[in-house]
Amino acid sequence: MTIKLHNTLTQNKDVFTPINPDEITMYVCGPTVYNYVHIGNARPVVIFDVLYRLLKRNYASVKYARNITDVDDKINKASADNNETIGELSSRFADAFHEDMAHLQTLTPDLEPRATDNIDAMIEMIQTLIEKGHAYEAQGHVLFQVSTDSNYGKLSNRNVEDMLAGARVEVESYKREPGDFVLWKPSTDDLPGWESPWGRGRPGWHIECSAMINKHLGKTIDIHCGGQDLIFPHHENEIAQGTCCHDHGSENFVNYWMHNGYITMNGEKMAKSVGNFFTVRELLEKFPGEVLRFALLTAHYRSPLDWSEDTLLQAKASLDRLYGALRDAQLDAANAQHVKIDELENFIKDDLATPQALSVLHSLAGDINKTQGDEKSNLQQALRKAGSFLGLLSQNADDWFKWQPESANNESGLSDDSIDAFIEERLQARADKNFARSDEIRDELKEQGIILEDSKEGTRWTRG
RNA sequence: GGCGCGAUAGCAAAGCGGUUAUGCACUGGAUUGCAAAUCCACGUAGGCCGGUUCGACUCCGGCUCGCGCCUCCA
C-alpha cells in the first residue's frame with residue numbers, strides 16, 4: 001500500500017511520490033527558543049515524529065531537519081527582561097526543548113540547523129533576490145516585493161487584495177506595497193546583528209527556513225510540516241523566497257505541505273499570546289510523557305484537539321490497559337510479525353490515521369488477554385512492535401505502573417521498598433487468613449495512591 | 001471583506017452509501033477470601049431543513065451554531 005498524505009498545496013489527500021526514493025527530505029518548523037514550549041507546540045513535533053518513523057521504515061534514508069530559531073525579537077525582549085544574554089537564554093530554552101521532546105519519546109532529527117549558524121546563506125539568498133528584482137532595499141531594510149511573484153498566494157489560496165480588505169495590516173512607509181515582507185532589518189548596537197551589504201542587521205523571520213532548506217536539503221524538498229497557523233504568511237513567504245531565488249519555474253519549492261490543527265482549550269486556540277496554555281514541563285509534573293504523546297495521537301492530526309484534564313486521564317487509562325497486556329513481556333520485539341502490525345502500518349500510511357492505529361493496539365491487547373503461553377508471547381511482541389510505530393509502549397510494564405513524577409522523590413509518598421515491605425506483611429496475613437489485617441494494609445496503601453492486585457503470580461502494585 | 005475548518009452516542013474519537021470502529025464510564029455475569037486486573041454480555045449516535053438514491057451519519061444544496069487564518073503564533 002502506498003503512503004497518502006494530505007497536501008495543503010492541493011487541498012487533497014495525495015499519493016506520496018518522493019523526488020528520490022533513496023533519500024527523502026523533510027523539514028519541520030521548530031521552536032523559537034525564548035521560553036518553555038506548550039503542549040500545542042509539541043503537537044507537530046509528535047505528529048511528524050510519527051511521519052518520520054513511517055518514512056524511515058519505508059525508505060532507505062530520510063533526511064529530517066528541524067530548525068531552531070535563535071534570533072528573534074521575542075528572544076531579544078526575553079533576554080532583556082531576564083537580564084541574561086541572548087545566547088544564554090536561547091541555549092537554555094533550546095536545551096529545555098530537547099528535554100521536553102525526549103520525554104515525549106520523539107526521535108532526534110538528523111539535522112537541527114540554528115538560524116544564527118546560517119546567516120551567510122540568508123544574506124546570499126537575499127542578495128540573489130535583489131539581483132533578480134524580487135527584493136529591494138529601503139531605509140536599511142530589505143523587503144520582498146510580493147507583486148513580483150505571480151504565484152504568490154498559491155499555498156494559502158488567497159490573493160493580496162482580498163487579504164488587505166478586512167485585515168489589520170500595518171503598512172510601514174518604506175514598503176512599496178502593503179503586502180511586502182521583511183527579509184532583513186537593521187539592528188541597533190544593543191541588539192544582535194551581523195554585517196551585511198545593507199549594514200549591520202538581522203534576518204526577518206521567514207528567510208531562515210528558505211535558506212536552511214536550500215543549504216541543507218536542496219532546491220526542492222519532499223515534505224514540509226508545521227502548524228496550520230504557519231500557512232500564511234510564513235510558509236507562503238518561504239515559497240516566494242525559495243522559488244524566486246532559484247528560478248523554480250513550474251517546479252515546487254516543497255512537494256507536500258502538511259499542517260496540523262490546533263490544540264484548543266474550551267474550544268479556543270491554545271496560544272502563548274492568549275495565555276491559555278499548559279507547558280509540556282508542567283504537564284510532565286503530573287503525567288508521564290507517554291501519556292501526553294498518547295493524548296496527542298488520539299485525534300487525527302488535522303483536527304482540533306481540545307485539551308483538558310479528562311483528555312489526559314483517558315489517555316492514561318488507555319495506556320494502563322495496553323501496558324497491562326504487556327506485563328512480563330520482553331522489551332525487544334524488532335522481529336515480530338503479525339497481520340495486525342501491517343494493519344496498523346496501513347492506517348498510518350493513510351495520512352497518519354492515528355486514532356485508527358490506536359484501535360489496533362487495543363485489539364491486540366484484547367487478544368493477548370485471552371491467550372496464554374507462546375501465542376501470548378508472540379502477540380505481546382506484536383503489540384510492542386506495533387506500538388513502536390507510534391513511538392509508544394517501549395518501556396517495561398512494571399516501570400510504567402510504578403511511575404511517579406520526578407519531583408516526587410523521597411519526601412512525599414512511599415518508596416518502592418517500603419511498599420514491598422507492606423506487601424510482604426500482607427502476604428503473611430493472607431496466609432494466616434487474617435483478612436482484616438490484609439484488607440487494612442490494602443486500604444492504607446490505597447490512601448497513598450498505591451493499588452494492589454493479587455494474581456496467581458503474586459501481588460502487584462501500581463501508582464494510581 | 002477574503003480564505004479555510006468543524007458539529008457523531010454520558011465523555012473522547014474514527015471509518016464507511018446498506019454489515020461491531022475503538023477506548024473510558026455505566027449495568028449484569030464469570031473469576032477473587034473480598035477486591036483489583038482480566039474475560040463475557042450490554043448502546044441503531046451522527047446540529048437543523050430539503051434533495052439524490054431501493055437505501056445516507058456517509059453524496060448535493062441551504063440554514064444555524066462554533067472555531068481559525070489574513071498581526072507574533074505549532
Side-chain angles (χ1 to χ4, degrees), chain A residues 8 11 28-32 34 37-48 72-74 77 153 156-170 179 181 205 225-234 236 259-264 266-274 277 294-295 297-306 308 310-322 324-325 327 347 350 353-363 365-366 368-371 401 430 433-436 438-439 442-443 446 451-456 459-462 464:
Chain A
T8 308
Q11 296 188 314
V28 174
C29 281
T32 302
Y34 69 104
V37 294
H38 61 65
I39 191 67
N41 302 122
R43 190 176 194 187
V45 181
V46 167
I47 289 296
F48 299 120
D72 180 277
D73 288 352
K74 289 190 292 290
K77 183 178 184 303
S156 53
N157 188 29
R158 55 184 82 190
N159 62 62
V160 178
E161 299 83 67
D162 288 344
M163 272 186 299
L164 294 171
R168 302 146 285 181
V169 179
E170 262 183 61
F181 59 90
W205 175 37
C225 316
Q228 273 172 355
D229 44 2
L230 298 183
I231 296 172
F232 192 92
H234 186 54
E236 194 68 59
H259 293 97
N260 63 277
Y262 305 119
I263 301 288
T264 58
N266 300 315
E268 298 204 340
K269 181 185 173 187
M270 180 183 285
K272 281 177 182 167
S273 53
V274 181
F277 62 86
F294 191 99
L297 298 177
T298 54
H300 185 77
Y301 77 94
R302 283 189 286 110
S303 302
L305 171 59
D306 204 60
S308 67
D310 206 45
T311 309
L312 289 162
L313 291 174
Q314 293 203 10
K316 169 79 162 54
S318 294
L319 278 165
D320 280 344
R321 175 172 162 80
L322 297 176
R327 294 204 109 122
F347 281 133
D350 184 14
T354 55
Q356 292 168 84
L358 293 175
S359 77
V360 176
L361 298 184
H362 281 109
S363 163
I368 289 167
N369 290 333
K370 273 172 257 185
T371 50
F401 286 110
R430 291 181 72 211
K433 303 250 186 262
N434 183 356
F435 295 120
S438 164
D439 292 350
R442 187 168 65 197
D443 291 344
K446 191 174 181 182
I451 316 274
L452 297 189
E453 287 173 35
D454 298 323
S455 76
K456 288 189 185 73
T459 299
R460 289 192 288 240
W461 61 270
T462 73

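Residue numbers begin at 1 in each chain, while the letters A, B, ... track the order of the sequences. Keep in mind the model is a prediction, meaning the values are calculated, not measured.
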Participant: Going 5' to 3' through nucleotides 26-39 of chain B, assign each nucleotide B (protein heavy atom under 4.0 Å from a base atom), S (under 4.0 Å only from sugar-phosphate atoms) or - (no protein heavy atom that close).
Facilitator: -------BBBBSSS
Participant: Which atom pair, heavy atoms only, marks the closest approach of A:Pro355 to A:His300?
Facilitator: CG-N, 3.6 Å
Participant: Who are the side chain to side chain donor-acceptor pair (under 3.5 Å) partners of A:Asp320, not counting sequence neighbours?
Facilitator: A:Lys316, A:Trp400
Participant: By nearest heavy atom, map A:Ser359 and A:Ile231 onto RNA chain B; which one lands nearer the 5' end?
Facilitator: A:Ser359
Participant: Pick out the pairs of N or O atoms, protein on one side and nucleotides 43-48 of chain B on the other, that lie under 3.5 Å.
Facilitator:
none

Participant: Atom OH of A:Tyr262 and atom P of B:C69: how far apart are they, to the nearest Å?
Facilitator: 5 Å
Participant: Give me the distance, rounded to whole Å, that separates B:U19 from B:G2 when you measure between the C1' atoms they each carry.
Facilitator: 44 Å
Participant: Distance check needed: B:U71 C1' versus A:His234 NE2, whole Å only.
Facilitator: 15 Å
Participant: Under the ring pair (Phe, Tyr, Trp, His ring centres under 6.0 Å) rule, collect the residues that match up with A:His259, sequence neighbours excluded.
Facilitator: A:His235
Participant: Quick one: ring pair (Phe, Tyr, Trp, His ring centres under 6.0 Å) partners of A:Phe277, sequence neighbours excluded?
Facilitator: A:His38
Participant: P atom, B:U44 versus B:C57: distance in rounded Å?
Facilitator: 15 Å
Participant: Rounding to the closest angstrom, what is the interatomic distance between B:C40 and B:A25 at atom P?
Facilitator: 16 Å
Participant: Using nucleotides 13-16 of chain B, report all nitrogen or oxygen pairs with the protein that are shorter than 3.5 Å.
Facilitator:
unit_1 : atom_1 : unit_2   : atom_2 : d
B:A14  : OP1    : A:His300 : N      : 2.6
B:A14  : O2'    : A:Gln356 : NE2    : 3.1

Participant: When rounded to the nearest Å, what value does the distance between P atoms of B:G55 and B:C63 take?
Facilitator: 26 Å
Participant: Picking from B:G23, B:A74, B:C24, which would you name as closest to the side chain of A:Ala317?
Facilitator: B:C24
Participant: Using salt bridge (charged side-chain N to carboxylate O under 4.0 Å, His left out) as the criterion, list what pairs up with A:Lys77, not counting sequence neighbours.
Facilitator: A:Asp81
Participant: Whole Å only: how far is the CZ atom of A:Phe294 from the P atom of B:U22?
Facilitator: 15 Å
Participant: Using heavy-atom distances to pick each residue's nearest nucleotide on RNA chain B, tell me which of A:Leu358 and A:Gly261 is more 5'.
Facilitator: A:Leu358
Participant: Round to a whole Å and report the spacing from CZ of A:Arg302 to C1' of B:A74.
Facilitator: 16 Å
Participant: Just to verify, what does A:Arg430 make a salt bridge (charged side-chain N to carboxylate O under 4.0 Å, His left out) with, not counting sequence neighbours?
Facilitator: A:Asp454
Participant: Just checking A:Leu361: base, sugar-phosphate only, or nothing, at a heavy-atom cut-off of under 4.0 Å?
Facilitator: nothing
Participant: Measure distances between side-chain N and O atoms of A:Gln314 and base N and O atoms of B:C11, and say whether any donor-acceptor pair falls under 3.5 Å.
Facilitator: yes
Participant: If you compare every side-chain N and O of A:Lys269 against the phosphate oxygens of B:C69 (OP1, OP2), does one of them come in below 4.0 Å?
Facilitator: yes
Participant: Produce the list of close N/O pairs, under 3.5 Å, pairing protein atoms with atoms of nucleotides 56-59 of chain B; give distances to one decimal.
Facilitator:
none

Participant: To check you understand the geometry: which heavy-atom pair defines the closest contact between A:Phe401 and A:Gly324, and what is its length?
Facilitator: CZ-N, 3.6 Å
Participant: For RNA chain B, what dot-bracket results from Watson-Crick or G-U pairs at under 3.5 Å, with [ ] for crossers and | for inter-strand partners?
Facilitator: (((((((..(((.....[...)))..((((.......)))).....(((((..]....))))))))))))....
Participant: Just how far is it from atom CG of A:Asp439 to atom CG of A:Asn434, taken to the nearest 0.5 Å?
Facilitator: 9.5 Å
Participant: Taking atom P of B:G68 as reference, at what distance in whole Å does atom CD1 of A:Ile263 sit?
Facilitator: 14 Å
Participant: C1' atom, B:C60 versus B:G10: distance in rounded Å?
Facilitator: 33 Å
Participant: Please name all residues satisfying side-chain contact (heavy atoms from CB on, under 4.5 Å) with A:Ser359, sequence neighbours left out, ordered by chain then number.
Facilitator: none
Participant: Just the rounded figure in Å: distance from C1' of B:C69 to CG of A:Asn260.
Facilitator: 14 Å
Participant: CG of A:Asp72 versus P of B:A74: gap in Å, rounded?
Facilitator: 10 Å
Participant: Sequence neighbours left out, what passes side-chain contact (heavy atoms from CB on, under 4.5 Å) with A:Ala325? Give chain and number order.
Facilitator: A:Ala365, A:Ile368, A:Asn369, A:Leu383
Participant: Can you tell me how far the CG atom of A:Leu297 sits from the CG atom of A:Leu361, to the nearest 0.5 Å?
Facilitator: 10.0 Å
Participant: Over all strands shown, is A:Asn157 touching base, sugar-phosphate only, or nothing at heavy-atom distances under 4.0 angstrom?
Facilitator: sugar-phosphate
Participant: Expressed in whole Å, how much space separates the C1' atoms belonging to B:A13 and B:U27?
Facilitator: 23 Å
Participant: Taking B:G47 as the reference, what is the distance to B:A7 when you measure between their P atoms (whole Å, please)?
Facilitator: 8 Å
Participant: Under 4.0 Å, heavy atoms only, any strand: does A:Lys433 hit a base, just the sugar-phosphate, or nothing?
Facilitator: nothing
Participant: Using the P atoms only, state how far B:G28 lies from B:A36, rounded to an integer number of Å.
Facilitator: 12 Å
Participant: Nearest-Å distance, CG (A:Leu319) to P (B:C24)?
Facilitator: 12 Å
